[in-house]
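Written below as C-alpha cells is the structure these notes are about.
These numbers come from the heavy atoms of this one structure, side chains and all, not from hydrogens, waters or symmetry mates.
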Amino acid sequence: MKRTTQLFVAAAGAVLLLAVGPAPHSAAAQTRPSPAITYTTEGLWNTTTGTANWINILNAAHSFDLWWGGSFNVDLLAVNNLRNSQGKPGVADDLHIFSAIEDESVALSLFEFGLTQDFGMSNVFLGVRNVNKDYFTSPWNSIFTSSVGGLFPTLAANFPISDSPRSAMCLHSELYFFSKRLTLKSSLYNGVASDKWSEVFNIRPSRDGIIAINELSYVGDSGSYVGSYHLGYSYGHTPLPEEQRSEQEPLKKVSRSALWVLVEQPVYIAPSGSQLTVLLHGGWSPDSDCDWYGAVGVLWRGLLSEGDYIGFLYDRSLYTAGYETELELTYSMPTRWGTIQPALHRVYTPSRAQTIAMTKIIFEF
C-alpha cells in the first residue's frame, strides 16, 4: 500500500513538472467555441446470425473561461444501447467490442469535468477525464467505425481503463515543441474507472491502483507528405478488468505494460486536394489477455465529393483465448449537419466468421 501511494505521488509530481513550462510573456486572446452538442445514432445488423442493434449517444461539451489561461471543462455523455438495456450481448460474437460506440447504456456520465490551465507551450488538466479525449483521436484513424479505431485491444482488453462511457480522476499534461508539431502527452489515472457519479471522483491508489499513459507524437502540415506519427507507452498496477477477475480474488492487482505505434502516412496528394493515406497500427502488451495487435488501412479523401472518405482496414489481435481478424470497408459522406457513414465488417474468430452491416449518422449542433 505504501509503495503504491508513493508511486502515485511521485508520478503526479512528474506530470506537474512536465506541464509547468515557460509561460508566454504576453497573453493571447482566448477564443473558445460555444457549447458543442453531438448526437450519434448507429444501426447494426449481423447478417450471419440475424441479430440487430440500435445505439444512440448524446454528447454535450462546454468550456468556461475562469482567468488568463484557465478554464473549467464539462463534457457529458448519455448512451442508449438497445441490446445492452435488454441484458443482451452485442451483435457480434467476438473477443473485443465490435463497434467503436457499442458501449453499455448509461443515463448520464462524465466524459470530462475539471480545470485546465494553459501556459502557451504546455497545459495541465486536473479532474475527471476519459482517455478517448487525448489518445487515438488522429483525424484519419478516427474515420473507421470498429473499436480498434479508438483504443487498441492491447490497452482496452488489458487495463480497467477509463474508456467510454467510463471515466476516472486524472492528472493530464501536454508539452509542445517546434510550433506545437511535436507533443508529449502524459496522463495519470486512478486505476479503476466508472460511469457512476458516486465513484468517478475516487482517488484510491491503495485499492484501485494507478494507470500511467505517455505518448510522443509529431504532426506535419495539412496537405504535405509529412503525416502523423505517434509512439505511446502505458503502465498499470490495477485490479484486472471485470471480465477477467475471479470471485476469490476480485481486487487482486497486477502490473501490466503496453507499447503502441500509430502512423498516418500520406502517399498521394492530388492538385485538387484529394489525398490517399496509409494507416498503420501496432500494439504489444506482454503477459496480458491480448498480447499483440496490428492493423493496416488505406483511406482516400475527396474521391467522390469534397470532404468524403472511403477506407479499408485489416486488423488482427492475438488473445490468450485465440485470435481475431477483422476487415472493414467504410464510406463517410459529409453533410451540412454532420456525416452519414455506412460500413461493412467481416469478423473472424476461432468459433466462426461473421458479416456485420452498419450505418452511423452523426448530427452536430
Full working for side-chain contact (heavy atoms from CB on, under 4.5 Å) between H281 and N141: CA-CA 9 Å; H281 292 180; N141 182 58; 2.7 Å; yes
Should Y229 and Q265 be marked as a side-chain hydrogen bond (donor to acceptor under 3.5 Å, both in side chains) after you check the CA-CA gap, both sets of side-chain angles, and the distance that decides it? CA-CA 8 Å; Y229 314 95; Q265 179 58 56; 2.5 Å; yes
Applying side-chain hydrogen bond (donor to acceptor under 3.5 Å, both in side chains) to D291 and Y319, what does each step give before you reach the verdict? CA-CA 6 Å; D291 295 317; Y319 290 78; over 6 Å; no
Could you walk me through whether I37 and L58 satisfy the side-chain contact (heavy atoms from CB on, under 4.5 Å) test, starting with their C-alpha distance in whole Å, then the side-chain angles of each, then the deciding distance to 0.1 Å, before giving a yes or no? CA-CA 7 Å; I37 299 175; L58 184 63; 4.0 Å; yes
Could you walk me through whether M169 and N202 satisfy the side-chain contact (heavy atoms from CB on, under 4.5 Å) test, starting with their C-alpha distance in whole Å, then the side-chain angles of each, then the deciding distance to 0.1 Å, before giving a yes or no? CA-CA 7 Å; M169 284 295 292; N202 289 335; over 6 Å; no
Apply the test side-chain hydrogen bond (donor to acceptor under 3.5 Å, both in side chains) to residues S71 and D65: give CA-CA distance (whole Å), side-chain angles for both, the deciding distance (0.1 Å), then the verdict. CA-CA 4 Å; S71 62; D65 290 337; 5.5 Å; no
Evaluate side-chain hydrogen bond (donor to acceptor under 3.5 Å, both in side chains) for S194 paired with R166, printing each intermediate quantity in order. CA-CA 5 Å; S194 177; R166 302 179 182 184; over 6 Å; no
Run the numbers on Y189 and I161 for side-chain contact (heavy atoms from CB on, under 4.5 Å), then give the verdict. CA-CA 8 Å; Y189 282 90; I161 205 162; 5.9 Å; no
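Under 3.5 Å, the side chains of E264 and S138 contain a donor-acceptor pair of N or O atoms. Side-chain contact of S164 with N130: a donor-acceptor pair under 3.5 Å is absent, judged by distance alone. For the residue pair Y176/N123, the side-chain donor-acceptor check at 3.5 Å is satisfied. In the model, Q341 has no side-chain atom that pairs as donor or acceptor with a side-chain atom of T339 under 3.5 Å. A donor-acceptor pair shorter than 3.5 Å can be found between the side chains of T145 and H345.
Remark: of the listed residues L115, N73, L171, N73 is the sole one forming a side chain to side chain contact (heavy atoms under 4.5 Å, CB included) with F125. None of L77, T38, T41 except one satisfies the side chain to side chain contact (heavy atoms under 4.5 Å, CB included) rule with I57; the exception is L77. When Y293, F159, W292 are each tested for a ring pair (Phe, Tyr, Trp, His ring centres under 6.0 Å) with F152, only one passes: Y293.
Linking ILVMFWY residues whenever their side-chain heavy atoms come closer than 4.5 Å, directly or via other members, leaves V148 and W284 in distinct clusters. Note on L108 and L82: separate hydrophobic clusters, where clusters join Ile, Leu, Val, Met, Phe, Trp and Tyr whose side-chain heavy atoms are under 4.5 Å apart, directly or indirectly. Under a hydrophobic clustering in which Ile, Leu, Val, Met, Phe, Trp and Tyr are joined whenever their side-chain heavy atoms come within less than 4.5 Å, directly or via other members, F144 and I362 fall into different clusters. In the hydrophobic clustering of this structure, L175 groups with Y218; members are Ile, Leu, Val, Met, Phe, Trp, Tyr whose side-chain heavy atoms approach within less than 4.5 Å, directly or through other members. Cluster membership for Y233 and L231, using ILVMFWY side-chain heavy atoms within less than 4.5 angstrom, is shared.
Here the CG-CD1 distance, from L304 to I310, works out to 6.5 Å after rounding to the nearest 0.5 Å. To the nearest 0.5 Å, the span separating OG on S146 from CD on E326 amounts to 4.5 Å. Separation of atoms OG (S257) and CG (N158) is listed at 9.5 Å; rounding is to 0.5 Å. The distance from atom OG1 of T320 to atom CG of D289, rounded to the nearest 0.5 Å, is 4.0 Å. Atom CD of E112 sits about 9.0 Å away from atom OG of S167, to the nearest 0.5 Å.
Aromatic ring orientation, H172 versus Y135: perpendicular (interplanar angle above 60°, classes split at 30° and 60°). By the 30° and 60° cut-offs, the orientation of the rings of F365 relative to F363 is parallel.
Here the side chains of L262 and E215 are not in contact, with every heavy-atom distance at 4.5 Å or above. You'll find the side chain of L299 stays beyond 4.5 Å of the side chain of L276, heavy atoms only. Within the 4.5 Å cutoff, side-chain heavy atoms of L151 are placed close to those of N132. No side-chain heavy atom of L279 sits under 4.5 Å from any side-chain heavy atom of V263. Contact check for D134 versus R129: side-chain heavy atoms found under the 4.5 Å cut-off. By the 4.5 Å heavy-atom criterion applied to side chains, L182 and L216 are counted as neighbours. With a 4.5 Å cut-off on side-chain heavy atoms, I211 and T238 count as touching. Residues Y235 and N214 are not in side-chain contact: their nearest non-hydrogen atoms beyond the backbone lie 4.5 Å or more apart.
The 12-atom threshold is exceeded at CD of Q86, counting heavy atoms of other residues, nucleotides or ligands nearer than 6.0 Å. Counting heavy atoms of neighbouring residues, nucleotides and ligands inside a 6.0 Å radius, atom CH2 of W197 exceeds 12 of them.
Side chain of R83 to backbone of P89: a donor-acceptor contact under 3.5 angstrom is found. Side chain of T330 to backbone of P342: a donor-acceptor contact under 3.5 angstrom is found. The closest donor-acceptor contact from the side chain of S105 to the backbone of N81 lies under 3.5 Å. Side-chain atoms of Y225 come within 3.5 Å of backbone N or O of I269 as a donor-acceptor pair. Side chain of Q117 to backbone of W68: a donor-acceptor contact under 3.5 angstrom is found. Of the possible donor and acceptor atoms, none in the side chain of W45 sits under 3.5 Å from a partner among the backbone N and O of V91. The main-chain N or O of L76 is found under 3.5 Å from a side-chain atom of N59 such that the two form a donor-acceptor pair. The closest donor-acceptor contact from the side chain of D315 to the backbone of G294 lies at 3.5 Å or more, if one exists at all. Of the possible donor and acceptor atoms, one in the side chain of S224 sits under 3.5 Å from a partner among the backbone N and O of V226.
Salt-bridge check for D75 with K133: passed, with a basic side-chain N closer than 4.0 Å to an acidic carboxylate O. Under 4.0 Å is where a charged nitrogen must lie from a carboxylate oxygen, and between D208 and K253 no such pair does.
The two residues S274 and G302 make their nearest non-hydrogen contact at CB-O, 3.6 Å. Considering all non-hydrogen atoms of both residues, P350 and A321 come closest at CG-O, 4.2 Å. Across A107 and A78, no two heavy atoms sit closer than the pair O-CB, 3.1 Å.
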Side-chain donor-acceptor pairs under 3.5 Å in residues 352-361, sequence neighbours left out?
unit_1, atom_1, unit_2, atom_2, d
Q354, OE1, N46, ND2, 3.0
Q354, OE1, D93, N, 3.1
Q354, NE2, D93, O, 3.2
T355, OG1, R346, NH1, 2.6

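Applying the side chain to side chain donor-acceptor pair (under 3.5 Å) criterion to S228, with sequence neighbours excluded, gives H230.
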